[in-house]
Amino acid sequence: MQPDYTPKDIEAAAQQHWEEQQAFRAREDSPKPKYYCLSMVPYPSGKLHMGHVRNYTIGDVLARYHRMKGYNVMQPMGWDAFGLPAENAAMANNVPPAAWTYSNIAHMKRQLKSLGLGIDWSREVTTCRPEYYRWEQWLFTRLFEKGIIYKKTATVNWDPEDHTVLANEQVIDGRGWRSGALVEKREIPMYFFRITQYAEELLQGLDTLDGWPEQVKTMQRNWIGKSYGVRFAFPYTLDGKDEKLWVYTTRADTIMGVTFCAVAAEHPLATHAAKNNPQLTAFIEECKRGGVAEADIATMEKKGMPTGISVTHPLTGEQIPVWVGNYVLMRYGEGAVMAVPAHDERDFGFAKKYGLAIKPVIAPRHAFRSSIGVAENEKLVSVAELRMKPILVDPAWFDKNKWRDEYAEFGYAYGSPTSFEGLNGLSSSEAVDFIATELAQLHLGEKKVQFRLRDWGISRQRYWGCPIPIVHCTTCGDVPVPDDQLPVVLPENVVPDGAGSPLAKMPEFYECTCPKCSGKARRETDTMDTFVESSWYYARYASPNCTTGMVDKQAAQQWLPVDQYIGGIEHAILHLLYARFFHKLMRDEGLVQGDEPFKNLLTQSMVVAPTFYRDDTAGRKLWINPVEVEVKTDDRGRPVGATLKADGQPVIIGGTEKMAKSKNNGVDPQAIIDQYGADTARLFMMFAAPPDQQLEWSDAGVEGAFRFLKRLWNLAHAKKHNVTIYFKDPSFNDAYLSIMDGEPKNAYREINAALKQANFDIGRLQFNTVVSACMKILKTLERSMLFGTSTANTQVPVIAKGLSTLLRLLSPITPHICQTLWKELGYGDDILSAPWPEVDKAALVQDEIELVIQVNGKLRGSLRVAKDADKATLEQLALAHEAVQKLLAGGTAKKIIVVPGRLINVVI
RNA sequence: GCCGGGAUGGCGGAAUUGGUAGACGCGCUGGACUCAAAAUCCAGUGUCUGUGAGGAUGUGAGGGUUCGAGUCCCUCUCCCGGCACCA
């Protein structure tokens, strides 16, 4: 055995060993229970980044742990290979997206392999390959025929200079990122997935996902946004015709407080009103400027303009003015809203700005006064009292000059017109029922359940994506491409130019004949949203090379659902919702069983690093990579400044931010692997933070991780002979462990206590404290090297057992060094097939325990007592304690609280 | 703006879920080894106060519940993720 830890050699050897053994091949014929461990598919951006290393290490730790726990593990890997960055890289380097993507994949695959991940590479899937996307096209045609996919128009960001549709991230401050032109909204036809048809099921299904973080389920629930409201109409007459302006509200109880309505700029009513109103026309044009991103629309200044049209309040008959509002979106609900400034903060702001009426009609209970006439009596009335007497509400409760959140809360109705007196005194929810009934009688409205979730538009006017398998025929309409003509292959030798869709400029692609009538037809040139590929890849891994269908049904049944899914929290809503949706689509096609694709979900947070910069002469920030900077500290370790290593001159310390090109604070994992080895990189990643917290990069922390592995190696090297003796001498059996005493017994207890904690923590996916437990075990073993000078043998079983425990516990995190030492010390050939270490419960038993003494909850001392001392004894001992006596000063204790095994609190 | 999170020493974080705050690691300080340095090992290290035993104080800010609060409740501040065409 070598005396020094040389990660390069041992990692290469271990990886070769696994490769030769085909150690990570998932077996279809295993009798063991299956465990499908999946990390979110990476986008092949070029180089592995720290986020990948973190994600895949977490996955690998779980995969290896479950393997040792006796599962038949499948951990696959693939590439989410379509997408925008490839087009951008293509334009920048004049290389086709396909070539760029494939070369990135080759490089990243080598990098992943050097991390020592236990991946079954025989299942590799690449989404831009026709063998993969042909099944996506197949499903598309099936869903198109079933009506799950349909066509309608949608609003997109339009760059009028480049004549191209822009992604939201390509719109910067309302301008196109390349052209700098002001972006406009434009309506174009698109294909949509009818995800709203599954809204209820997607919502209900969340309740079955016990293995998902509550926060993710909450986010999805809110995103789906089921609401119970009332859809109703404001009648009006236009050009002699009777019309209705439909709106939807969840607060029908406030209907008496409606003082205006607001419609979207694209609403027919707005269009009509603008005909003879140039000012309004100009305003509507203004509303069409800017992008479609909801975050921008929601944060922009709310503006409006009257249409001059009024509608009739369906209950009171009042005339209600209609405004055009830039914050009302045509794609939501009806494209029109009722406005109740008194009870909606946004409407309140709008009304204040334009001097519109504010009319409170719902008040909290504290605003109601007894009608007996004791005006100054602030006593609150009861609901029963409210119902009995004429309603009196102190008008001072509402201040028309200043919004308070209270105004939007549920309360009790008041101030209704005489014809609706029955409304007064009703609670908000009763009022909703009352009003819904009234509206229904007038045939002007009804209760309605609505979802916030919208149908999923998947058409993209881009080149590097899966072609939509539709042929447009002037006689037959939109015709899906028949199975035997799939896949519609995307040509791979194209370099896009950023202006419009390249496929639409390629007659060789779009010229075709109609599959139905054989007439001349035009192929669809839009491609699919790349979220589509990543919505079903998890199922493809079960049978990655299946040529007869999207999945092999039997393989899918064997491997699905995914037992553990791991990925970034940023995917909490869109990707995870779309994948859940796709699973139900595939289920309804009879391809997969079960209702949900991912049984357990772990959402990992991002990797951040410090930032450093200098201001250049133009006042811009020049970002400097952390590896080029040296931070100076004072003698307490507080940072006092930083200098550039190259010139020794100061640099400015910025904040700690997500590793990103724009801040030049990325640390290349390859450099870390090259310098310290994969095990060190993995160990640091697992130790620095629990998965769901952001992880701060630290060079010093990496060195600490490396130091730990060196210590582990040194210990194993120094104690190899002890392990050899242990295996040779039959007297070191389990009976020996039970008669140990003194320091060896103590050390053995510590090791088992640490193991117990580690097993608990691995179960709750908190790997940083698993590492900390390993560090404690190592420390104990290092200390045990010093046991007794003459009775050296007493340490033998502790060392042998302890090292065995430590290596197995650590092996999912740092597999290479553990495999090497496992074999070198003679525990076995393959640590992968060793069983997971179990706690020796007998070792944990202690005769005496330490209890903490508190006085009034404050720590005042401690006490060593027999482990089974009874409560009365403990109380006596606590009262007799020196510190307690001092504080009692002769008085008596009011109360004594004994928490078994923890503390005694004397209250005085 | 809306939805979901987070905040604990100089730093990353721990506290088995209401019971000894700061485990483990980094950094820093002192010491050992060395001609010297690196590496390694040993000891110390929240803050304030005290020669010391000790005392006081302390988990973003402010209030509350409790014998006892980092943990539960209310109000607020700042930071992060998502917002439907980045993936």
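Chain letters run A, B, ... following the sequence lines, proteins first and then strands; every chain starts at 1. As a basis for the values below, the full set of heavy atoms in this structure was taken, side chains included, without hydrogen atoms, waters or symmetry mates.
Taking atom C1' on both nucleotides, B/A7 is separated from B/U71 by 14 Å, rounded to a whole Å. Going from the C1' atom of B/C11 to that of B/G22 covers 13 Å, rounded to whole Å. B/G63 and B/G12 have their P atoms separated by 27 Å, given to the nearest Å. Distance noted for atom C1' between B/G18 and B/U66: 9 Å (whole Å). Taking atom P on both nucleotides, B/C67 is separated from B/U29 by 47 Å, rounded to a whole Å. Rounded to the nearest Å, the gap between the P atom of B/G6 and that of B/A87 is 29 Å. As rounded to the nearest Å, B/G81 and B/G13 have P atoms that lie 16 Å from one another. A gap of 30 Å separates the P atoms of B/U8 and B/A53, to the nearest Å.
Here A/Y43 lies in heavy-atom contact (under 4.0 Å) with sugar-phosphate atoms only. Across all strands, A/V852 comes closer than 4.0 Å to base atoms (heavy-atom distances). Contacts of A/T218 with the nucleic acid, taken as non-hydrogen atoms under 4.0 Å apart, involve only primed sugar atoms and P, OP1 or OP2. Contacts of A/K894 with the nucleic acid, taken as non-hydrogen atoms under 4.0 Å apart, are absent. Counting non-hydrogen atoms under 4.0 angstrom, A/R764 reaches a base of the nucleic acid. Using a 4.0 Å heavy-atom criterion, one finds that A/Q766 contacts the sugar-phosphate atoms exclusively. Among the protein residues, A/P690 comes within range of the sugar-phosphate backbone only, with heavy atoms under 4.0 Å from sugar or phosphate atoms but none that close to a base.
You'll find the side chain of A/L84 stays beyond 4.5 Å of the side chain of A/W464, heavy atoms only. Two residues are said to be in side-chain contact when any heavy atoms from C-beta on lie closer than 4.5 Å; A/R452 and A/I224 fail this criterion. Under the 4.5 Å side-chain criterion, counting only non-hydrogen atoms from C-beta, A/V156 is not in contact with A/V292. When side chains are defined from C-beta on, A/Y463 does not count as touching A/S501, because their heavy atoms never get closer than 4.5 Å. At least one side-chain heavy atom of A/L810 sits less than 4.5 Å from a side-chain heavy atom of A/F708.
A/T769 and A/D761 are linked by a side-chain donor-acceptor pair at a separation below 3.5 angstrom, with hydrogens and angles left out of the test. No side-chain donor from either of A/D80 and A/S534 sits under 3.5 Å from a side-chain acceptor of the other. For the residue pair A/E750 and A/T780, a side-chain donor N or O sits within less than 3.5 Å of a side-chain acceptor on the partner.
Nearest nucleotide to the side chain of A/I897, out of B/C24, B/C26, B/G19: B/G19. Listed nucleotides B/U40, B/A87, B/G68 differ in distance to A/K710; the shortest reach to its side chain belongs to B/U40.
Between A/K779 and B/G25 there is a side-chain polar atom (N or O) within less than 4.0 angstrom of OP1 or OP2. Side-chain nitrogen and oxygen atoms of A/R707 include at least one within less than 4.0 Å of the OP1 or OP2 phosphate oxygen of B/G27. In this structure, A/K858 reaches the B/U57 phosphate: one of its side-chain N or O atoms is under 4.0 Å from OP1 or OP2. The phosphate of B/C2 has neither OP1 nor OP2 within less than 4.0 Å of any side-chain N or O from A/N222.
Looking at A/E850 and A/R902, no side-chain N of the basic residue comes within less than 4.0 Å of a carboxylate O on the acidic one, giving no salt bridge.
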Derivation of the salt bridge (Lys or Arg N to Asp or Glu O under 4.0 Å) call for A/E184 and A/R186 = CA-CA 6 Å; A/E184 299 164 5; A/R186 177 172 276 211; 5.1 Å; no

query = Would A/D526 and A/R460 satisfy salt bridge (Lys or Arg N to Asp or Glu O under 4.0 Å), going step by step from the backbone distance to the final call?
reply = CA-CA 5 Å; A/D526 281 356; A/R460 299 289 180 268; over 6 Å; no

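Protein atom CE of A/M300 is 14 Å distant from nucleotide atom C1' of B/C2, rounded to whole Å. At whole-Å resolution of the value, CD in A/Q854 and P in B/U66 are 17 Å apart. For A/Q604 and B/A87, the CD to C1' distance is 14 Å, given to the nearest whole Å. Distance CD1 (A/I813) to C1' (B/G25): 14 Å, rounded to an integer number of Å. What separates CZ of A/F684 from C1' of B/G27 is a distance of 14 Å, to the nearest Å.
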Pair pattern of RNA chain B in dot-bracket, where unpaired bases get dots and | marks partners in another strand, Watson-Crick or G-U under 3.5 angstrom = (((((((..(((......[....)))((((((.......))))))((((....))))..(((((..]....))))))))))))....

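A salt bridge (charged side-chain N to carboxylate O under 4.0 Å, His left out) check over residues 699-718 of chain A, counting only residues at least two apart or in different chains, returns the pairs A/R711-A/E782.
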task = Mark up nucleotides 69-86 of chain B, 5' to 3', with B wherever a protein heavy atom is under 4.0 angstrom from a base atom, S wherever such an atom reaches only the sugar-phosphate, and - elsewhere.
result = -----------SBSBBBS

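Along RNA chain B, the nucleotide closest to A/R860 and the one closest to A/V771 are compared, and the more 5′ of them pairs with A/V771. Both A/A689 and A/Q757 lie close to RNA chain B; mapped to their nearest nucleotides by heavy-atom distance, the more 5′-ward contact belongs to A/A689.
B/G9 adopts a syn glycosidic conformation, its chi angle falling within 90° of 0.
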